2 protein chains.
Amino acid sequence: MAATLHDVARMAQVSIKTVSNVINERPNVGSATRAKVEAAIAELGYTPNLTARGLRSGRKGAITLAVPDLALSYFAELAAEVIAAAEAAGVVVLVEQTGGDRERELALLKSPRLNMTDGLIFSPLGMGQEDVGALEVSYPLVILGERIFEGPADHVTMQNVAAARAATEYLLDSGRRRIAVVGAHEGEVVGSAGLRLSGYREALAAAGIEYEPNLIAHSGLWHRANGATCMRELLARGVDFDAVFGLNDTLALGAMRVLQEAGISVPADVAVMGFDDLEETPYSIPSLTTVDPGRGWIARTAVKTLLQRINDAGSGGPAETRLAEFEIRRRESTAAA
Amino acid sequence: MAATLHDVARMAQVSIKTVSNVINERPNVGSATRAKVEAAIAELGYTPNLTARGLRSGRKGAITLAVPDLALSYFAELAAEVIAAAEAAGVVVLVEQTGGDRERELALLKSPRLNMTDGLIFSPLGMGQEDVGALEVSYPLVILGERIFEGPADHVTMQNVAAARAATEYLLDSGRRRIAVVGAHEGEVVGSAGLRLSGYREALAAAGIEYEPNLIAHSGLWHRANGATCMRELLARGVDFDAVFGLNDTLALGAMRVLQEAGISVPADVAVMGFDDLEETPYSIPSLTTVDPGRGWIARTAVKTLLQRINDAGSGGPAETRLAEFEIRRRESTAAA
DNA sequence: TTGAAAGCGCTAACAG
DNA sequence: CTGTTAGCGCTTTCAA
């Protein structure tokens with residue numbers, strides 16, 4: 001059995017309160033007493049029971065991170081950065097996967113499991129604006145991504161529209177005119193897919209180029225395999241294009257795979273642009289031009305914001321939205337034809 | 001304030017014990033009483049306080065998964081499967097990153113944080129056989145990977161030596177003779193790198209081919225960038241080779257990138273073999289032949305084993321080692337020259 | 001500066 | 001079948 005505060009107190013011949021004071025680095029403890037207590041702690045190998053502390057104090061020193069799926073590289077890299085940022089603040093991270101499924105996302109928001117942690121960083125994929133009410137929760141909550149605007153919770157996110165527009169303009173500037181899109185979501189408006197498509201359309205409109213639905217390929221989850229499928233579909237349609245904008249990197253990579261399989265040269269025949277700046281993008285063949293949406297900043301800001309809300313305990317002012325800076329990472333896949 | 005058992009009991013006009021019985025699905029509750037209690041639970045939106053339950057029962061319904069880094073695809077995909085398996089068993093997962101650093105790994109094993117969960121699935125990278133004593137811990141522990149043999153804890157792992165040997169033999173069988181290795185760890189014996197290199201040497205020896213140190217490139221963490229660096233080094237050495245065995249997929253992918261950059265055709269000039277069967281390997285260009293080491297089975301078995309130990313609470317018998325089956329996934333990168 | 005004691009919300013004897 | 005009660009290990013008033 002692990003040693004408790006009582007055991008330490010008994011051994012050090014002081015009261016349990018004094019031991020507690022030492023552990024929590026409270027100032028008012030005599031140095032002789034402190035030394036005695038510390039000796040006893042070392043001797044017994046005492047380590048505080050975090051569950052008991054959590055019950056008593058209401059603070060668990062843990063947060064939950066909910067993402068669709070860690071097998072999606074973007075979320076894996078995001079999670080890595082969230083965990084690192086939390087660790088730096090002395091907080092641990094419980095990771096939940098929702099599969100991007102609306103029902104599971106809604107269920108998670110009301111799950112008793114959440115009371116094991118002090119708050120939630122939530123990256124929804126299936127929920128939409130109509131579910132904004134579900135975000136009225138009794139615990140600190142930070143939302144990532146754009147499915148929901150103007151909600152009751154803090155929001156940390158990337159500039160999807162502006163960044164996608166910049167990506168498209170970059171393609172346009174390099175002389176491409178017929179830009180296919182891979183990974184769109186039929187009829188979506190508020191999700192990442194819808195927003196990035198809006199950015200694409202804005203760029204087209206600004207350049208006086210007509211939007212052509214036939215150049216848009218739709219898919220479900222943004223897996224590499226779906227990028228490949230989209231590209232096969234585009235090729236099957238027989239539509240002509242000189243560039244592809246993958247709505248994220250894995251889609252772009254999957255599409256690029258199929259392009260080369262079909263004997264189409266990248267970038268000579270078709271330029272490829274991604275979105276996310278995954279760690280692997282400099283190592284694809286050819287290396288992938290993409291948009292760095294500020295993932296690291298998003299992770300750090302989400303953790304910082306959540307911990308602030310936890311500390312403020314309700315008195316923290318109205319919900320805020322914070323936007324990350326983005327940047328185009330130019331690589332080989334979009335080199336001049 | 002959230003409703004408690006007391007609130008529910010008061011509203012349903014029963015004792016707190018009865019409410020507890022209902023919640024924990026204990027059989028001995030009259031159906032009329034049960035209905036009353038359930039109504040009260042619904043009315044108050046009662047949700048059990050898991051922290052209190054954990055303190056009282058000693059069971060938290062959570063486990064810890066410690067991996068080097070979620071930004072490494074192998075660990076991200078492993079974590080995804082561990083979390084899914086745990087979820088199926090009604091358990092949540094706290095994820096820790098050690099960076100593969102020995103000191104951090106050792107520190108984690110003694111961290112008070114671990115008492116927030118019921119047990120640990122641990123994938124060490126920096127620790128070695130000399131640290132086997134650190135695995136004598138007071139909580140249920142399952143070790144993943146091969147850094148440590150014959151330890152006091154259950155061990156779920158892949159067949160590194162046999163699988164690497166099979167991979168090398170596959171290359172040999174397809175007519176390749178000078179097989180470079182990317183990602184070796186200088187002087188390592190018990191780690192994945194050392195074991196996979198042993199498998200490589202076994203295959204060479206069995207085929208009567210001499211082992212040539214000049215064909216081996218060393219690296220640190222198995223990042224894609226390091227695979228690229230290794231390949232640059234190999235090319236700089238001017239040594240001749242007709243195949244590359246990447247000790248994992250990301251290394252192989254990074255190496256393949258550099259090969260093509262140098263105008264060397266894969267697989268015509270050089271065949272490339274990976275290890276891990278990452279989700280992206282069918283979509284690289286060319287698609288990557290690799291070893292599926294049984295990652296999904298490992299994740300599910302690790303969770304099952306850990307939960308069993310947790311349930312057995314010490315009376316579970318001696319530590320066991322479980323080995324996953326492996327399989328070569330043949331793709332384009334090793335097609336006949 | 002330190003001690004005694006209450007109680008966080010729950011489970012599990014033990015009674016009835 | 002249901003109620004009473006004693007803690008799990010900790011933090012935290014309140015006194016001394």
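We name chains A, B, ... by the order of the sequence lines, and we start the count at 1 in each one. Everything numeric here is computed off the predicted structure, so don't read it as measured data.
Nearest nucleotide to the B:Asn24 side chain, out of D:dT11, C:dT11, D:dT2: C:dT11. You'll find that the side chain of A:Leu5 is closest to D:dC10, out of D:dC10, C:dC10, D:dG3.
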Inset, instruction - Evaluate the salt bridge (Lys or Arg N to Asp or Glu O under 4.0 Å) criterion for residues B:Lys110 and B:Glu105: first the C-alpha distance (whole Å), next the side-chain angles of each, then the deciding distance (0.1 Å), finally the verdict. - result: CA-CA 9 Å; B:Lys110 324 178 99 65; B:Glu105 290 175 351; over 6 Å; no
Inset, instruction - Could you check B:Asp7 against B:Arg10 for salt bridge (Lys or Arg N to Asp or Glu O under 4.0 Å), going step by step and ending with a plain yes or no? - result: CA-CA 5 Å; B:Asp7 300 327; B:Arg10 199 172 324 115; 3.4 Å; yes
Solution key, residues 38-50 of chain A side-chain donor-acceptor pairs under 3.5 Å, sequence neighbours excluded:
| from | atom 1 | to | atom 2 | distance (Å) |
| --- | --- | --- | --- | --- |
| A:Asn49 | OD1 | A:Thr51 | N | 2.8 |
| A:Asn49 | OD1 | A:Ala52 | N | 2.9 |

Using residues 71-78 of chain A as the side-chain source, report each donor-acceptor pair under 3.5 Å to any protein atom, sequence neighbours left out, with the distance given to one decimal.
| from | atom 1 | to | atom 2 | distance (Å) |
| --- | --- | --- | --- | --- |
| A:Glu77 | OE1 | A:Glu279 | N | 3.3 |
| A:Glu77 | OE1 | A:Arg295 | NH2 | 2.8 |
| A:Glu77 | OE2 | A:Glu279 | N | 3.2 |

Would you tabulate the side-chain donor-acceptor contacts of residues 90-97 of chain B under 3.5 Å, counting partners in other chains and residues two or more places apart, or write 'none'?
| from | atom 1 | to | atom 2 | distance (Å) |
| --- | --- | --- | --- | --- |
| B:Glu96 | OE1 | B:Arg113 | NH1 | 2.7 |
| B:Glu96 | OE2 | B:Arg113 | NH1 | 3.1 |
| B:Gln97 | OE1 | B:Leu70 | N | 2.8 |
| B:Gln97 | NE2 | A:Ala80 | O | 3.0 |

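Each of B:Thr33 and A:Asn21 was assigned the nucleotide of DNA chain D with the nearest heavy atom; the assignment lying further toward the 5' end belongs to B:Thr33.
Judged as a side-chain hydrogen bond (donor to acceptor under 3.5 Å, both in side chains), and not counting sequence neighbours, A:Asp69 has no contacts. Judged as a side-chain hydrogen bond (donor to acceptor under 3.5 Å, both in side chains), and not counting sequence neighbours, B:Lys304 has no contacts. For the side-chain hydrogen bond (donor to acceptor under 3.5 Å, both in side chains) test, residues two or more places apart in sequence or in another chain that qualify with A:Thr117 are A:Thr64. The side chain to side chain contact (heavy atoms under 4.5 Å, CB included) test applied to A:Glu103 returns A:Asp101, not counting sequence neighbours.
At a non-hydrogen distance threshold of 4.0 Å, A:Leu55, A:Arg56 from residues 40-63 of chain A come into contact with DNA chain C.
The distance between atom CZ of B:Arg34 and atom P of D:dC1, rounded to the nearest whole Å, is 10 Å. Between the P atom of D:dC1 and the NZ atom of B:Lys36 lies a distance of 15 Å, rounded to the nearest Å. When the P atom of D:dT2 is taken as reference, atom CD of B:Gln13 falls 14 Å away, rounded to whole Å. Rounded to an integer number of Å, the gap from A:Ile16 CD1 to C:dT2 P is 15 Å. One interatomic measurement links the two molecules: NE2 of B:His6 to P of D:dT5, which rounds to 11 Å at whole-angstrom precision. Straight-line distance from the NZ atom of A:Lys17 to the P atom of D:dA16: 16 Å, rounded to whole Å.
Remark: A:Thr4 is not in phosphate contact with D:dG9, judged by side-chain N or O atoms under 4.0 Å from OP1 or OP2. For the OP1/OP2 pair of C:dT11 and a distance below 4.0 Å, the side-chain nitrogens and oxygens of B:Ser20 include at least one atom meeting the criterion.
Defining each end axis of the helix from C:dT1-D:dA16 to C:dG16-D:dC1 as the rotation carrying four pairs' C1' atoms onto the next four, with five pairs an end, the two axes are found to diverge by 40° to 10 degrees.
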